[in-house]
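Note that the numbering runs from 1 along the sequence shown for the chain.
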Amino acid sequence: MPDIVLTRIDNRLIHGQVATQWCGVVGANLLLVANDAVSTDEFRQGLMNMAAPAYAQTRFFSIQKTIDIIGKASPAQHIAIICETPQDVLRLVEGGVPIKKVNIGNMHMADGKRQVATSVAVDDDDVATFKKLQDLGVELEIKRVPDTPVENLDKLFK
(Lines give C-alpha, C1' and ligand atoms only; values in the text may rest on other atoms or scores of the structure.)
Protein backbone atom coordinates (compact mmCIF):
# COMPACT_ATOMS: atom_id res chain seq x y z
CA MET A 1 0.00 0.00 0.00
CA PRO A 2 1.53 3.34 -1.03
CA ASP A 3 2.03 5.96 1.68
CA ILE A 4 -0.07 8.81 0.27
CA VAL A 5 0.35 11.64 2.78
CA LEU A 6 -1.54 14.27 0.77
CA THR A 7 -3.76 14.41 -2.29
CA ARG A 8 -4.30 18.01 -3.36
CA ILE A 9 -6.26 19.68 -6.11
CA ASP A 10 -4.38 22.76 -7.20
CA ASN A 11 -4.53 24.04 -10.75
CA ARG A 12 -1.03 25.48 -10.29
CA LEU A 13 0.29 21.99 -9.42
CA ILE A 14 3.77 22.37 -7.82
CA HIS A 15 4.39 25.95 -6.68
CA GLY A 16 5.48 27.83 -3.57
CA GLN A 17 2.61 26.81 -1.25
CA VAL A 18 2.91 23.12 -2.08
CA ALA A 19 6.68 23.17 -1.98
CA THR A 20 7.31 25.27 1.10
CA GLN A 21 4.30 24.64 3.30
CA TRP A 22 2.37 21.46 2.54
CA CYS A 23 5.33 19.15 1.96
CA GLY A 24 6.93 19.99 5.27
CA VAL A 25 3.70 19.69 7.24
CA VAL A 26 2.71 16.30 5.81
CA GLY A 27 6.26 14.91 5.54
CA ALA A 28 6.18 14.33 1.77
CA ASN A 29 9.45 13.35 0.11
CA LEU A 30 7.91 12.63 -3.29
CA LEU A 31 5.72 15.07 -5.22
CA LEU A 32 3.74 13.17 -7.83
CA VAL A 33 1.97 15.36 -10.36
CA ALA A 34 -0.77 13.24 -11.91
CA ASN A 35 -1.68 15.13 -15.07
CA ASP A 36 -1.87 13.95 -18.66
CA ALA A 37 -0.68 17.23 -20.22
CA VAL A 38 2.21 17.85 -17.83
CA SER A 39 3.44 14.26 -18.12
CA THR A 40 4.73 15.12 -21.61
CA ASP A 41 5.58 18.82 -21.11
CA GLU A 42 9.26 19.10 -20.19
CA PHE A 43 9.13 22.89 -19.96
CA ARG A 44 6.39 22.89 -17.31
CA GLN A 45 8.14 20.03 -15.51
CA GLY A 46 11.32 22.09 -15.38
CA LEU A 47 9.50 25.06 -13.86
CA MET A 48 7.89 22.85 -11.22
CA ASN A 49 11.19 21.16 -10.41
CA MET A 50 12.60 24.59 -9.57
CA ALA A 51 9.78 25.16 -7.05
CA ALA A 52 10.09 21.75 -5.41
CA PRO A 53 12.03 21.53 -2.12
CA ALA A 54 15.50 20.00 -2.37
CA TYR A 55 14.57 17.10 -0.08
CA ALA A 56 11.68 15.94 -2.28
CA GLN A 57 11.77 14.05 -5.55
CA THR A 58 9.31 14.89 -8.31
CA ARG A 59 7.47 12.66 -10.75
CA PHE A 60 5.21 13.73 -13.59
CA PHE A 61 2.91 10.88 -14.59
CA SER A 62 -0.21 10.62 -16.69
CA ILE A 63 -3.35 9.61 -14.81
CA GLN A 64 -3.14 6.06 -16.21
CA LYS A 65 0.56 5.67 -15.39
CA THR A 66 -0.16 6.83 -11.83
CA ILE A 67 -2.88 4.17 -11.56
CA ASP A 68 -0.56 1.52 -13.01
CA ILE A 69 2.52 2.29 -10.91
CA ILE A 70 1.41 3.68 -7.53
CA GLY A 71 1.19 0.20 -6.02
CA LYS A 72 4.92 -0.27 -6.63
CA ALA A 73 5.91 2.69 -4.44
CA SER A 74 8.54 2.06 -1.81
CA PRO A 75 7.45 2.27 1.85
CA ALA A 76 10.13 4.97 2.21
CA GLN A 77 8.25 7.18 -0.25
CA HIS A 78 5.84 9.57 1.43
CA ILE A 79 3.79 10.70 -1.53
CA ALA A 80 1.97 13.95 -2.16
CA ILE A 81 -0.24 13.55 -5.22
CA ILE A 82 -1.08 16.84 -6.90
CA CYS A 83 -3.88 17.02 -9.48
CA GLU A 84 -5.21 19.92 -11.48
CA THR A 85 -8.89 19.00 -11.33
CA PRO A 86 -11.36 16.97 -9.28
CA GLN A 87 -12.04 14.92 -12.41
CA ASP A 88 -8.41 13.73 -12.40
CA VAL A 89 -8.71 12.72 -8.75
CA LEU A 90 -11.90 10.79 -9.53
CA ARG A 91 -10.12 8.94 -12.35
CA LEU A 92 -7.37 7.97 -9.90
CA VAL A 93 -9.84 6.76 -7.27
CA GLU A 94 -11.91 4.83 -9.81
CA GLY A 95 -8.65 3.34 -11.11
CA GLY A 96 -7.84 1.93 -7.68
CA VAL A 97 -5.47 4.53 -6.21
CA PRO A 98 -6.13 4.37 -2.44
CA ILE A 99 -6.98 8.02 -1.84
CA LYS A 100 -8.80 8.55 1.44
CA LYS A 101 -8.83 12.35 1.65
CA VAL A 102 -8.56 15.21 -0.83
CA ASN A 103 -7.35 18.70 -0.01
CA ILE A 104 -9.05 21.21 -2.28
CA GLY A 105 -6.53 24.01 -2.57
CA ASN A 106 -6.82 26.21 -5.62
CA MET A 107 -9.36 26.06 -8.42
CA HIS A 108 -9.23 29.38 -10.22
CA MET A 109 -12.19 31.31 -11.52
CA ALA A 110 -12.96 30.76 -15.21
CA ASP A 111 -15.92 31.11 -17.56
CA GLY A 112 -18.86 29.11 -16.25
CA LYS A 113 -17.42 28.77 -12.73
CA ARG A 114 -18.65 30.34 -9.51
CA GLN A 115 -16.52 31.28 -6.52
CA VAL A 116 -17.51 29.12 -3.52
CA ALA A 117 -14.53 29.53 -1.20
CA THR A 118 -11.49 31.74 -0.77
CA SER A 119 -9.53 30.06 -3.56
CA VAL A 120 -12.05 27.64 -5.06
CA ALA A 121 -14.30 28.22 -8.06
CA VAL A 122 -16.44 25.37 -9.40
CA ASP A 123 -18.89 24.53 -12.14
CA ASP A 124 -21.68 21.95 -12.06
CA ASP A 125 -19.37 19.18 -13.33
CA ASP A 126 -16.90 19.89 -10.51
CA VAL A 127 -19.73 19.70 -7.95
CA ALA A 128 -20.97 16.39 -9.39
CA THR A 129 -17.40 15.05 -9.30
CA PHE A 130 -16.95 16.03 -5.66
CA LYS A 131 -20.24 14.29 -4.85
CA LYS A 132 -19.02 11.12 -6.61
CA LEU A 133 -15.79 11.25 -4.61
CA GLN A 134 -17.80 11.52 -1.39
CA ASP A 135 -20.00 8.62 -2.49
CA LEU A 136 -16.81 6.57 -2.95
CA GLY A 137 -15.85 7.33 0.66
CA VAL A 138 -13.27 10.04 -0.03
CA GLU A 139 -13.13 12.79 2.60
CA LEU A 140 -12.98 16.33 1.19
CA GLU A 141 -11.52 19.45 2.79
CA ILE A 142 -11.15 22.98 1.50
CA LYS A 143 -7.90 24.36 2.87
CA ARG A 144 -5.57 26.71 1.02
CA VAL A 145 -2.49 26.41 3.26
CA PRO A 146 -1.75 24.36 6.37
CA ASP A 147 -2.06 27.23 8.86
CA THR A 148 -5.51 28.41 7.73
CA PRO A 149 -8.75 26.92 9.02
CA VAL A 150 -10.67 24.37 6.98
CA GLU A 151 -13.47 26.11 5.10
CA ASN A 152 -17.08 24.93 5.27
CA LEU A 153 -17.52 22.10 2.77
CA ASP A 154 -21.21 22.92 2.32
CA LYS A 155 -20.07 25.84 0.14
CA LEU A 156 -19.19 23.36 -2.60
CA PHE A 157 -22.72 22.03 -2.94
CA LYS A 158 -24.78 25.24 -2.96
Trainee: To the nearest 0.5 Å, what is the distance between NE2 on H78 and SG on C23?
Mentor: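 Nearest 0.5 Å value for the NE2-SG distance: 12.5 Å.
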Trainee: Should we say atom NZ of K65 is surrounded by more than 12 heavy atoms from elsewhere, each under 6.0 Å from it?
Mentor: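 Not more than 12 within 6.0 Å, no.
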Trainee: Calculate, to the nearest 0.5 Å, the distance between atoms CD and CD1 belonging to Q57 and I79 respectively.
Mentor: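 The CD atom of Q57 sits 10.5 Å away from the CD1 atom of I79.
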Trainee: Judged by atom type as modelled, is there a donor-acceptor pair below 3.5 Å linking the side chain of D3 to the main-chain atoms of P75?
Mentor: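 Looks like no, no N/O pair under 3.5 Å.
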Trainee: Out of curiosity, I9 CD1 to T129 OG1, how far, rounded to the nearest 0.5 Å?
Mentor: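 So the gap between those two atoms works out to 9.0 Å.
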Trainee: I'd like to know if D88 pairs up with R91 as an ion pair, taking the criterion as any Lys NZ or Arg NE/NH1/NH2 lying under 4.0 Å from an Asp or Glu carboxylate oxygen.
Mentor: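 So D88 pairs with R91 through a salt bridge.
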Trainee: Nearest 0.5 Å, please: how far is CD in Q21 from CZ in R144?
Mentor: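 If we round to the nearest 0.5 Å, R144:CZ and Q21:CD are 8.0 Å apart.
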Trainee: Have N106 and D10 got a donor and an acceptor in their side chains that come within less than 3.5 Å?
Mentor: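 Looking only at side-chain atoms, D10 and N106 do form a donor-acceptor pair, the distance falling under 3.5 Å.
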Trainee: Nearest 0.5 Å, please: how far is CG in L6 from CD1 in I81?
Mentor: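 Between I81 CD1 and L6 CG, I get 9.0 Å after rounding to 0.5 Å.
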Trainee: Under a 3.5 Å distance rule, please check whether K143 uses its side chain to pair with a backbone N or O of T148 as donor and acceptor.
Mentor: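 It does hold such a pair.
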Trainee: So, Q64 and D36: side-chain donor and acceptor under 3.5 Å apart, yes or no?
Mentor: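 Judged by distance alone, the side chains do not pair up.
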Trainee: Under 4.5 Å between any side-chain heavy atoms of I67 and L92, yes or no?
Mentor: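 Answer yes - side chains close enough.
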Trainee: Rounded to the nearest 0.5 Å, how far apart are CG of L140 and CZ of F130?
Mentor: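 So the gap between those two atoms works out to 6.5 Å.
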Trainee: Just checking, is any N or O donor in the side chain of E141 or N103 under 3.5 Å from an acceptor N or O on the other one?
Mentor: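 There is such a pair (donor and acceptor under 3.5 Å, judged by atom type) between the side chains of E141 and N103.
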Trainee: Regarding D125 and Q87, is there a side-chain donor-to-acceptor distance under 3.5 Å anywhere?
Mentor: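 A pair is found: one side chain offers a donor N or O, the other an acceptor, under 3.5 Å apart.
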